[in-house]
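Nothing here was measured: the structure is a model prediction, and the numbers come from that model. Here is how names work: the chains are called A, B, and so on, in the same order as the sequence lines, proteins then strands, and each is numbered from 1.
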Number of protein chains: 2
Amino acid sequence: MPPRRATIKDVAAAAGVGVATVSRVLSGTGSASPETRERVLAAAARLDYRPSALGRSLKLGRSGGLGLLVPGLANTFYGQLADGVLACARSMGEHVVVGATGDDPEREASLLGSLVEQGVERVVAVPSGDGLGENWEPALRAGLRVVFAGRPGPGSAPSVLTDDRAGVQAAVDYLGGLGHRSIGFLGGPATARERLFRDALAAIRMPADEELIVAARATRDSAYAAAASLFQRRPDVTAVLAADNTLGEAAVLAARELDLRIPRDVSVIMFDDVPWAELCGPPLTVVAQPAHDLGYRAAELALRDRPGPDRTLLPTELIVRNSCAPRTPR
Amino acid sequence: MPPRRATIKDVAAAAGVGVATVSRVLSGTGSASPETRERVLAAAARLDYRPSALGRSLKLGRSGGLGLLVPGLANTFYGQLADGVLACARSMGEHVVVGATGDDPEREASLLGSLVEQGVERVVAVPSGDGLGENWEPALRAGLRVVFAGRPGPGSAPSVLTDDRAGVQAAVDYLGGLGHRSIGFLGGPATARERLFRDALAAIRMPADEELIVAARATRDSAYAAAASLFQRRPDVTAVLAADNTLGEAAVLAARELDLRIPRDVSVIMFDDVPWAELCGPPLTVVAQPAHDLGYRAAELALRDRPGPDRTLLPTELIVRNSCAPRTPR
DNA sequence: TCCCATGATGGAATCGTTTCCACATCCAGA
DNA sequence: TCTGGATGTGGAAACGATTCCATCATGGGA
């Protein structure tokens, strides 16, 4: 039978003082005689007293704590992002409540609801799906402080993003420079990069071939299916840009399955410099995003008292390895 | 200026009833006339009322919520495990508070402390480091309900583990069968598998060469250094077993750096069937662990009211790909 | 017609904390 | 000696929810 946790009353009784005095001593506010302070501290230590965050939060109104909503943690990119959030929160002494949305707006809404029930009033989120985000309006209006990370959020909340436009452009430029004319795009649930891809194509005066732009849902299977069908439908694609590491993985797998050699038959570039990109056979050329920083900065913004900039852009970097080659007609 | 969240009192006033009635209607306990129920529900909806988990927890004593302590989320294995925990918690309507220990007992202790301050009384944890775990005794005695996952925990708390003994043995058997006599072992912060490795060697009557057994700290750099130094000190190793995916990654990288071909010069087996194992050049033979299930089952045990078995063992599976070859003397 | 069981309802206590306020003590300055 | 500020201290209210208990109305059975 676990002994009830000691409360402030127990400490007060043990030290022979009132609860108010204990509270003052422990929180450092107000005055207390050195002797009293000593007694209280000793009693607290003896009873192994831990102030209940519940009681404090209730009284104070503000609950502290940071919410974190990501599609899923099995994806290394979000894992790194989450680690960044965790690091920042720890440095500011806040705890973190996480939820995996699975990129499903419905789940996101329910998770968000449970967060506000917990009294969480600051949230870092990778908004799910298409970012129409009727989910967020009510929460924002209710005073929830949310910072979007990695994907632009709906509404007026600040976001911390990577410079996707530059990243996509760098990838497309590189591929174009290699002579590729039929460049496929594997998009995910977040569709923003798709638009950037069209823009990047336009910037180098290449027409966008709609058939080469495919979007997958947020599952491994869907990603694989999208990649495989792209390669099969259009044997003339000589290069592919994958919008995230799951899609990149699918592209490599599908290419192998169809006996397409990388980079001889298809060149591949993917977003996210996950550790295995270098290990892949062949090592993958990637558009690196600072996932950890993304999370850290977003958490910082959410936790700081002063409102920060509405939009902070972190740089991307094209890291060239061995998955791209000059175009050879197939 | 964000409007204060509606409280039960506001709902009571809006519906023209007492707070007790509102509580009864909303929680479904006790009786209320259909007409009253209707009014309360309408008022609650109109005010967008969300009961405060803080108030409820305080009154009820139990706070709900599940703590999750892992070394770090950037490691895919722990990411998958965390996803499993999240999935289970969501299905039982509980929220999850996570912390990244970095495999540091000190950080673990501080995180654990902040968890109990939050009122969390059930925890799933991958115990940090060597598992001596003076961290856990006080928490356990204080009535915290913890379930260890992935690594055996200290003390009497239940754990959900993979059958590492069988996994290590399968790997060693396989390597031995291929003719390898100098098998290296790359261990991490958790040292349990090191012992199993010796046992497995003994089981096939092979002496353990202490110089071939190295342990790295929980960083990528340390893992790489360990792998590189192993290969350099002992050019006669023809096979390596890496105790987790970080170590496996390091082994592949170090081998490449030293111009050791896998599998011609060294065979490599690693723990964790992370998605990229198949993508690696060459595809890696692995000891697969059901990471997601590990988390799910552990969370289930922590959340269920009845105490479960003290130790549940999930199977591992040797997945043979192309990173091992018969021994050829170097 | 009376009584009591039943059902609906609201008041109030409670959980653990912080903080306002009142009270007591003490000492310096007039 | 009296006054007034400073200082140390404890009581009590408040936060938002649940729940015990008392109250009240109602209706059926004797």
Taking C:dA8, C:dT17, D:dC15 as options, the one with an atom nearest any side-chain atom of A:Ser52 is C:dT17
Inter-residue atom distance A:Leu54.CG - B:Leu60.CG, 0.5 Å rounding
10.5 Å
Does CZ in B:Arg122 sit with more than 12 non-hydrogen atoms of other residues, nucleotides or ligands closer than 6.0 Å?
yes
Rounded to whole Å, how long is the line connecting atom CD of B:Gln118 with atom P of C:dG16?
16 Å
Pair B:Glu300-B:Arg304, salt bridge (Lys or Arg N to Asp or Glu O under 4.0 Å): steps then yes or no
CA-CA 6 Å; B:Glu300 213 170 11; B:Arg304 289 246 176 274; 3.6 Å; yes
Pairwise 5' ranking along DNA chain C for B:Arg39 and A:Leu26, keeping only the more 5' one
B:Arg39
Can B:Thr101 and B:Val126 be said to form a side-chain contact (heavy atoms from CB on, under 4.5 Å), step by step?
CA-CA 9 Å; B:Thr101 64; B:Val126 178; over 6 Å; no
Of the listed D:dT18, D:dA13, C:dG10, the closest approach to the B:Val17 side chain comes from C:dG10
Does the side chain of A:Ser23 get closer than 4.0 angstrom to OP1 or OP2 of C:dT19 through an N or O atom?
no
What does A:Leu60 touch in the nucleic acid at a heavy-atom separation under 4.0 angstrom: a base, only the sugar-phosphate, or nothing?
sugar-phosphate
Side chain of A:Val19 only, please: which of D:dT18, C:dT18, D:dG8 is the nearest?
C:dT18
Residue from B:Val120, B:Leu303, B:Leu86 passing side chain to side chain contact (heavy atoms under 4.5 Å, CB included) with B:Glu94:
B:Leu303
Counting side-chain heavy atoms from C-beta on, which of D:dT19, D:dA17, D:dG16 comes nearest to B:Leu58?
D:dG16
Report which part of the nucleic acid B:Gly16 touches: base, sugar-phosphate, or nothing (heavy-atom distance under 4.0 Å, all strands).
sugar-phosphate
Short side-chain N/O contact from B:Thr36 to OP1 or OP2 of C:dT9, under 4.0 Å
yes
Which nucleotide in C:dC15, C:dT9, C:dT18 has an atom nearest any side-chain atom of A:Lys9
C:dC15
Does atom CZ of B:Arg39 have more than 12 heavy-atom neighbours from other groups under 6.0 Å away?
yes
Please report the distance, rounded to the nearest Å, between CG in A:Asp10 and C1' in C:dT17.
13 Å
Given atom CZ of B:Arg5 and atom C1' of D:dA17, what is their separation to the nearest angstrom?
12 Å
Just the rounded figure in Å: distance from C1' of D:dT18 to NZ of B:Lys59.
6 Å
Charged N-O contact under 4.0 Å between A:Arg46 and A:Asp10:
no
For the side chain of A:Thr7, starting at C-beta, report the closest nucleotide among D:dT18, C:dT17, D:dG11.
C:dT17
Please tabulate the protein-to-nucleotide N/O contacts below 3.5 Å involving nucleotides 21-23 of chain C, giving atom names and distances.
none

N or O in side chain of B:Ser33 less than 4.0 angstrom from C:dT9 OP1/OP2:
yes
For B:Glu35 and C:dG7, what is the distance between atoms CD and P respectively, to the nearest whole Å?
18 Å
Hey, does B:Arg37 reach any base, or is it just sugar-phosphate, or nothing, if we go heavy atoms under 4.0 Å?
nothing
Just do the side-chain hydrogen bond (donor to acceptor under 3.5 Å, both in side chains) check on B:Thr246 and B:Asn75 with the steps written out, would you?
CA-CA 7 Å; B:Thr246 309; B:Asn75 182 324; 3.3 Å; yes
Using whole Å, what does the distance between atom P of nucleotide C:dT14 and atom CD1 of A:Ile8 come to?
18 Å
Closest nucleotide of DNA chain D for B:Ala20 versus for B:Gly55: which of these residues is on the 5' side?
B:Gly55
I want to check one thing: is the phosphate of C:dG10, taken as OP1 and OP2, less than 4.0 Å away from some side-chain N or O of B:Thr21?
yes
